[in-house]
Amino acid sequence: AQTVTQSQPEMSVQEAETVTLSCTYDTSESDYYLFWYKQPPSRQMILVIRQEAYKQQNATENRFSVNFQKAAKSFSLKISDSQLGDAAMYFCAYFTGANSKLTFGKGITLSVRP
Amino acid sequence: EAGVVQSPRYKIIEKKQPVAFWCNPISGHNTLYWYLQNLGQGPELLIRYENEEAVDDSQLPKDRFSAERLKGVDSTLKIQPAELGDSAVYLCASSRGGLNTEAFFGQGTRLTVV
């Protein structure tokens, strides 16, 4: 079974600084997708960034980028130039077409200090 | 394009009472998910539909939970009777299915059982 592990329950970053959120996963599949979702207090899950496992290049979306290490099964999210609006829970998630199931980690609460 | 719509946003009921949640996915999305999210945790899959067929309901507690997706569009999740431990957020998500993996989430229903 696939598992997603986010070992840091909370992190804090100073506004305008950079922060990295960690995620590891376990799978026997070779083809899958990885995601980072943001969940603000409104509860709406918002997709931040997506990475296809077959792509070696790390995905980037504006201030958000990932460090995808397939052999190590590691998928970290880097937020550059942190903004107050980045404060939220962030979830790492795994998806495989084998069962079309989106599996989430426990999440990390990110706070941004002004 | 309208997003995933869930109702109600909040529900407070007494234990042993029934409750139902409704979800209208994005038009054209064949895959529909119901997730349970406990406080401070990541979402956990309850059931996944491909059109009107429930293809993964292995995590649905069938003694008290039921779901349906008539005509392969909107869906209803029901709990009868509710227990105190059912207090949580119930999230609905949809995707086009197949290789298009991005799931879009509704704002969820926060259920409180007293």
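A, B, ... follow the sequence lines: proteins, then strands. Residue 1 opens every chain. If you're wondering where the values come from, they're calculated on a predicted model, not measured in any experiment.
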By a 4.5 Å heavy-atom criterion (distance strictly below it), what part of A:Leu47 contacts chain B: side chain, backbone, both, or neither?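 Interface part for A:Leu47: side chain.
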
Tell me, side chain or backbone of A:Gln39 under 4.5 Å from chain B's heavy atoms, or both, or neither?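 It is the side chain, since no backbone atom gets that close.
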
Output the distance between atom [atom1] ([X]) and atom [atom2] ([Y]), rounded to the nearest 0.5 Å.
| X | Y | atom1 | atom2 | result |
| --- | --- | --- | --- | --- |
| B:Gln41 | A:Lys106 | CD | NZ | 5.0 Å |
| B:Arg48 | A:Lys101 | CZ | NZ | 10.0 Å |
| B:Phe104 | A:Ile46 | CZ | CD1 | 12.0 Å |
| A:Met45 | B:Cys92 | CE | SG | 13.0 Å |

Taking all heavy atoms of [X] and all of [Y], pick out the closest pair and write down the distance.
| X | Y | result |
| --- | --- | --- |
| B:Gly42 | A:Phe91 | CA-CE2, 3.2 Å |
| A:Tyr37 | B:Ala103 | OH-O, 3.1 Å |
| A:Ser42 | B:Arg9 | O-NH2, 3.3 Å |

Quick one: which of B:Arg110, B:Gln6, B:Glu50, B:Glu44 has the most heavy-atom pairs under 4.5 Å with chain A, could you say?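 Top option by heavy-atom pairs under 4.5 Å: B:Arg110.
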
Atom [atom1] of residue position [X] - does it have more than 12 heavy atoms of other residues, nucleotides or ligands inside 6.0 Å?
| X | atom1 | result |
| --- | --- | --- |
| B:Lys62 | NZ | yes |
| A:Lys70 | NZ | yes |
| B:Asp63 | CG | yes |

With the 4.5 Å side-chain cut-off for hydrophobic clustering, are [X] and [Y] part of the same group?
| X | Y | result |
| --- | --- | --- |
| B:Leu70 | B:Trp22 | no |
| A:Phe95 | A:Phe104 | yes |
| A:Leu34 | A:Val4 | yes |
| B:Leu60 | A:Leu102 | no |
| A:Val13 | A:Trp36 | yes |

If I measure from the heavy atoms of chain A, does B:Gln37 come under 4.5 Å with its side chain, its backbone, both, or neither?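 Side chain only.
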
If you draw the axis of the six-membered ring of B:Tyr35, does the NZ or CZ of A:Arg43 fall within 45° of it and under 6.0 Å from the ring centre?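 Here A:Arg43 fails the 6.0 Å and 45° test against B:Tyr35.
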
